[in-house]
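Presented below is the structure to which this report refers.
It should be emphasised that the depicted structure is a prediction, and the values quoted were computed from it without experimental measurement.
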Amino acid sequence: MDLHDQPAGRFWRGGEGAPAKLLDAAILLVLVSVGSWAFDHNPSGWAATNPSPYFLIPLLMGGRYGPVSGVLAGAAAGVILLLATSVLTGQDPRELADAGKFMLVCLPVSGLICGELRNSLFDEAARAGIRLEHASHRLHALDEQVFILAETKDDLDRELALLNADTANLDYEIRRVLQSPPERFCDALLGVFCRKARLYEAAIYLEGTPWRRAAYSGKPEIWPEQMNVESSAVARSALKHSCIAMLPEVWGNEPAAADDFLLASPIGEPGDTSILLLVKSMPFSAMNTRGMQTIEIICRWMSEFAGLDRRAKGLFDPRGIVPLTDFDRMLELANIVQKKFRLISSVIVFHPPAGGAAAAEEVFRSVSGAIRVGDTTCALDSSHLALLLPLTGRRGAEICLTRFQEFSDHSKAGHQPLEGEVFCTNDFPGIEAMWSAIRPDLGRP
């Protein structure tokens, strides 16, 4: 609101409008006249005094109500003073006006000047008030936005803290299974499924005629030691398509099918399934896409390691050098997991030290003691070694690279440490582009 639109208060008791202004001007005129008469009984009063106290009337009225009131109050004061002096002294008003024309002109002019100064000052104050009010509203709005952003940040921090919580240490769990003794392998594998996918009643069966129970959770009477899994539509679907199968999917194909299992998932290469996971019960909250993805990730990685072991005729060393084609299969799986489940894997490519010509096998021997079980190693050529770190992001891969460099014999002997470069699956649109970066001269094998 502009200050001119605001009602001006009165000098004496408050108020607004023309009556209040007239009353204030009259009171000021009376006070000045009384003061003039009290100090000097000369009928001319203080009219001849320079400066005259009658200037107080236009100055105060202009400063209080603006230039119009100041001009009118000054003119009225001059006219009344001229008439009063003429009546009291008997002089001709025209002569008095001619003698005091400077004062008569200056009275309204002073009211005008004081009123304009008042308007200028009050207009600036009004603009400053408007700006202050606008800034106050903006600050209030910003405070609300900051509060909303703070709440959003807290929610986002909580979401990020829980994001991928079910698969946060999945690489560690897979390594634990690979490190377990052969007689405890199935128990360790089922333990991972129960912990990460929250399975209540589940079992692992090994291929045979009939299939043999290798590990179970829940009551033993619900899991016979031998089972004909072909009698289950869910198990048949899993074995036929070499992928995880769930009861709702079976109902879609066989509406009248009755089954004892919620889901079944094979572990092994397509067409060569040797291990089958069967689930009878699990929390309803875990039967979602994320839970099924967790089971699928574990099965896919275990299937790849089982394939490596089969091709090596049971002599596969999880920390040994694998053929380039097998490494390509593992890297392709890592890309699929990253694209489908947003779980990053990394590849470290070791280069021989500057000026050196160490063979890939020599580089492997220098770092083999620091390689984790579950990491896959292969020789890209005669001098370059590649190490796949499944489900490990860039930060973890850089930490591993530092550890390898510190562990290598070259570093201990005081020579230049191994040089390495980290490649992450989320940095490339596909496996072809990743291979082009890892082997720029050769590309994918």
Side-chain angles (χ1 to χ4, degrees), residues 164-170 173-174 176-178 180 184-208 210-270 272-306 333 337 340-341 343 391:
N164 293 335
D166 50 350
T167 55
N169 63 338
L170 197 55
E173 295 283 4
I174 293 176
R176 283 183 59 184
V177 175
L178 295 175
S180 61
R184 297 289 301 168
F185 176 82
C186 291
D187 291 318
L189 180 57
L190 183 61
V192 173
F193 283 119
C194 292
R195 285 192 299 273
K196 305 306 291 185
R198 295 186 292 167
L199 305 182
Y200 287 160
E201 295 176 336
I204 289 179
Y205 279 80
L206 301 180
E207 184 183 18
W211 288 62
R212 296 176 293 107
R213 185 187 69 189
Y216 70 93
S217 65
K219 297 179 181 181
E221 56 268 21
I222 66 176
W223 298 109
E225 291 188 2
Q226 295 183 343
M227 178 187 299
N228 180 16
V229 298
E230 297 293 337
S231 62
S232 167
V234 175
R236 286 199 308 270
S237 177
L239 294 174
K240 178 180 178 181
H241 299 98
S242 298
C243 64
I244 187 171
M246 292 176 286
L247 186 57
E249 297 175 355
V250 174
W251 284 342
N253 298 324
E254 303 177 38
D259 211 300
D260 293 333
F261 305 123
L262 290 177
L263 64 90
S265 181
I267 300 175
E269 294 182 298
D272 187 25
T273 300
S274 58
I275 302 175
L276 186 64
L277 170 69
L278 299 173
V279 179
K280 280 195 173 185
S281 67
M282 62 188 299
F284 183 77
S285 59
M287 295 183 63
N288 51 32
T289 303
R290 197 66 184 175
M292 299 304 103
Q293 288 176 349
T294 302
I295 295 175
E296 185 177 356
I297 291 171
I298 299 173
C299 291
R300 291 290 296 272
W301 280 111
M302 288 303 165
S303 297
E304 290 298 330
F305 284 113
L333 174 59
V337 170
K340 189 173 182 180
F341 309 123
L343 295 176
L391 310 179

All side chain to side chain contact (heavy atoms under 4.5 Å, CB included) counterparts of [X], not counting sequence neighbours:
| X | value |
| --- | --- |
| S274 | E207 |
| A197 | L199, I295 |
| D187 | R184, A215 |
| Q226 | P210 |

Give a yes or no on whether the backbone of [Y] and the side-chain of [X] come within a donor-acceptor separation of less than 3.5 Å.
| X | Y | answer |
| --- | --- | --- |
| S237 | A233 | no |
| S217 | A202 | yes |
| R300 | L333 | no |

- Just jot down the salt bridge (Lys or Arg N to Asp or Glu O under 4.0 Å) partners of R212, sequence neighbours excluded, or say none.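 Per chain and number, R212 pairs via salt bridge (Lys or Arg N to Asp or Glu O under 4.0 Å) with no residue.
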- Taking salt bridge (Lys or Arg N to Asp or Glu O under 4.0 Å) as the test, write out the residues that go with R195, two or more places apart.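 So R195 forms a salt bridge (Lys or Arg N to Asp or Glu O under 4.0 Å) with E173.
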Atom [atom1] of [X] and atom [atom2] of [Y]: how far apart are they, to the nearest 0.5 Å?
| X | Y | atom1 | atom2 | answer |
| --- | --- | --- | --- | --- |
| F193 | I298 | CZ | CD1 | 5.0 Å |
| K280 | Y216 | NZ | OH | 13.0 Å |
| L189 | S180 | CG | OG | 8.5 Å |

- Task: Can you label the angle between the F261 ring and the W223 ring as parallel, tilted or perpendicular, going by 30° and 60°?
- Result: parallel
- So with a 6.0 Å cut-off around CD of E225, is the heavy-atom count from everything else above 12? no
- Considering all heavy atoms of both residues, which atom of P283 and which atom of R198 are nearest to each other, and what is their separation?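 Answer, listing the atom of P283 first, then R198: CD-O, 2.7 Å.
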- Of all heavy-atom pairs between C186 and A214, which one has the smallest distance, and what is that distance?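 Here C186 and A214 meet closest at SG-CB, 3.5 Å.
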